[in-house]
Amino acid sequence: MKLWGGRFADGASDVFERFSGSLHFDRRLLDADIRGSQAFARALERVGILTAEERAAIVKAFDEIRTEAAAAGPAFFDGASAGASDGTSDEDIHTLVIRKLKERAGAVADKIHTGRSRNEQVSLDTRLWLREECRRVRDLLRAAMSALLDLAAKYPGAVIPGYTHTRRAQAVLWPHYLLAYFEMFARDWERFGDAYRRANVMPLGSGALAGSGFPFDRDAIARDLEFDAITRNSMDASGDRDFALDFLYAASVAMIHLSRLAEDWILYSGEEFGWMELGDGVTSGSSLMPQKKNPDSLELIRGKSGRVMGCLTALMVTMKGLPMTYNRDMQEDKEPLFDAATQVTGSLEMACAVIQSARLNPARPLAAAQQSWVIATDLAEALARAGTPFHQAHQLVGRLVLESVRTGRQPSDWTAAQLQQFAPEFTPDMALLLDARQGMRSREILGGTGPQAVAQALQQARARLAQMTL
Ligand code: ARG
């Protein structure tokens, strides 16, 4: 079926129908399209286009279509795709839904599109759909944060070397490291909240671009569909996809965070680090090498992050040159949007399972910290606290490290007496700092890795997570 045609003497060519049809992907908007059309039927009743009986018949028919679709599954769309040979081809989901309505409700279905354009309808449907996706993603982010906190609680005192430039830098607590990802996911949760708010604006009443010719109470439609606000300019409503870009940006940043966690743990669970063991359920073997236990789940998360960023880029580039207002190019918003939503929810689900399966082998990262000079900063700061100007303290400890590297010594090879012999500025109590577990006790600053600061941050993170509801 077509929602247009009067102006055309000839039908569309097969190649154009195949090329332009979007039903094979925008079918994902079926529920949203039905919900929006039911609300629109109520709006049409309020402006006197539909009688109460007609509205009731239409709303009921839509309910039946929803039930039919749920029962039929993918077969619901059989024969309806653009270019289908049986002549029933529907250009898009909006066309399909109206055809189905006509099959069930008869002639009155011809009134459903009064004063409505697909330009605003597709915006409405996408917004309705995106709101649900934002909710789902936010729930999954909370699950991931919760799993991180559980993993932190399992090893409250575990020490790892923190890295900069992939070089051992300073010792930190394992929970402190995990809380860093908690913070990233907490911001992602906020970003998806912003994306939700941007999507949560109701466009119906905008018409194709100039505003509808019927006096719809737009606020009433917004209330009906639980929107917080209505769009303020019909041309903007017709030509805007910012709300989709906001979702894609939030998805891209979340995927960057997931990808970095994946990268860390691919390394940390490998033989060279040997810090972690990932569960059998989230790893796979090699068809050739019997010994392999590969972190494919994490590699796929890392891989899919590139794909999601591609989706953001694709839509940005699609939008950037479009003249006002709606252009058919904008139909290209859906596949990246759908794909990004699928990949980000899938990746979050996968990440939750990986985090839940992860086991730390605390001896390995502790040894990595002890067998390095991650304590150098602690020593220099202790000297500075005792009165040595920091620049000189830095030089002094630098010389100590150089001497140690030359003579193949580690921090634990030094005694208090030897330190004092090396430089009189070293007092005996400073020798305690040769143990990587000690230095962090001086970092009891808000946001730092001091054991008490971390214990408090963990507690606060739990409380914050419990507050992350809407
Ligand atoms: N399938 C179209 C889309 O996704 C719906 C809007 C079509 N509007 C039009 N004027 N051709 O953008």
Side-chain angles (χ1 to χ4, degrees), residues 1-8 10-37 39-40 76-77 80-84 88-101 112-133 199 201-213 231 234-245 247-248 311 314-342:
M1 189 179 99
K2 293 262 174 311
L3 294 174
W4 43 271
R7 187 233 175 279
F8 292 80
D10 288 330
S13 67
D14 282 354
V15 62
F16 175 63
E17 291 217 335
R18 274 198 310 276
F19 184 68
S20 61
S22 56
L23 186 60
H24 59 288
F25 54 83
D26 66 17
R27 59 177 61 179
R28 204 155 157 177
L29 296 176
L30 177 70
D31 274 329
D33 199 74
I34 291 175
R35 188 173 172 206
S37 294
F40 191 62
F76 178 77
F77 299 97
S81 290
T88 59
S89 67
D90 298 304
E91 216 179 295
D92 54 23
I93 186 65
H94 323 296
T95 312
L96 169 79
V97 166
I98 290 178
R99 176 170 64 79
K100 290 275 183 184
L101 179 71
I112 189 63
H113 213 54
T114 313
R116 181 176 72 169
S117 159
R118 277 182 298 164
N119 298 351
E120 54 184 341
Q121 192 180 355
V122 73
S123 170
L124 176 79
D125 292 2
T126 309
R127 289 166 183 273
L128 285 169
W129 175 83
L130 262 182
R131 288 198 312 196
E132 290 311 309
E133 291 303 305
V201 185
M202 206 290 299
L204 286 192
S206 301
L209 79 161
S212 181
T231 56
S234 61
M235 295 183 79
D236 177 44
S238 172
D240 162 49
R241 287 295 179 273
D242 297 11
F243 65 92
L245 290 172
F247 178 87
L248 287 171
C311 294
L315 186 56
M316 286 199 295
V317 179
T318 297
M319 295 306 296
K320 82 172 217 1
L322 295 188
M324 285 285 272
T325 55
Y326 178 86
N327 300 268
R328 190 65 177 268
D329 315 43
M330 289 161 70
Q331 178 171 292
E332 293 295 312
D333 65 346
K334 275 164 228 67
E335 283 170 294
L337 206 48
F338 294 159
D339 191 33
T342 301

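All ligand and atom numbering here is 1-based and tracks the order in the structure.
Close approach to Val122 involves these atoms of ligand 1, each under 4.0 Å from a residue heavy atom: 3 (C), 4 (O). Residue Ser22 has at least one heavy-atom neighbour below 4.0 Å for each of these atoms of ligand 1: 1 (N).
Checked by atom type and distance alone, the side chain of Arg28 never pairs as donor or acceptor with a backbone atom of Trp129 at under 3.5 Å.
When hydrogens are left out, the protein atom nearest atom 3 (C) of ligand 1 is Tyr326 OH, 3.3 Å; that is the closest non-hydrogen contact. Of the protein's non-hydrogen atoms, Asn119 OD1, 3.2 Å is the one closest to atom 10 (N) of ligand 1.
Considering backbone and side-chain atoms alike, Gln331 places an N or O below 3.5 Å from some N or O of ligand 1. On a distance-only criterion, Asp92 and ligand 1 share at least one N/O pair closer than 3.5 Å. Taking only nitrogen or oxygen atoms, main chain and side chain alike, Glu91 does not reach within less than 3.5 Å of ligand 1.
When heavy-atom distances to ligand 1 are checked against a 4.0 Å cut-off, Lys334 comes that close only through its side chain, counted from C-beta outward.
Nearest heavy-atom pair, Ser206 versus Ala237, reported as atom, atom and distance to 0.1 Å: OG-CB, 3.3 Å.
Side-chain contact, Ser37 with Arg116: a donor N or O sits under 3.5 Å from an acceptor N or O.
Atom OG of Ser22 and atom NE2 of His94 lie 6.5 Å apart (nearest 0.5 Å).
Remark: Arg27 does not engage Asp90 in a salt bridge, criterion side-chain N to carboxylate O under 4.0 Å.
Contact check for Phe243 versus Val201: no side-chain heavy atoms found under the 4.5 Å cut-off.
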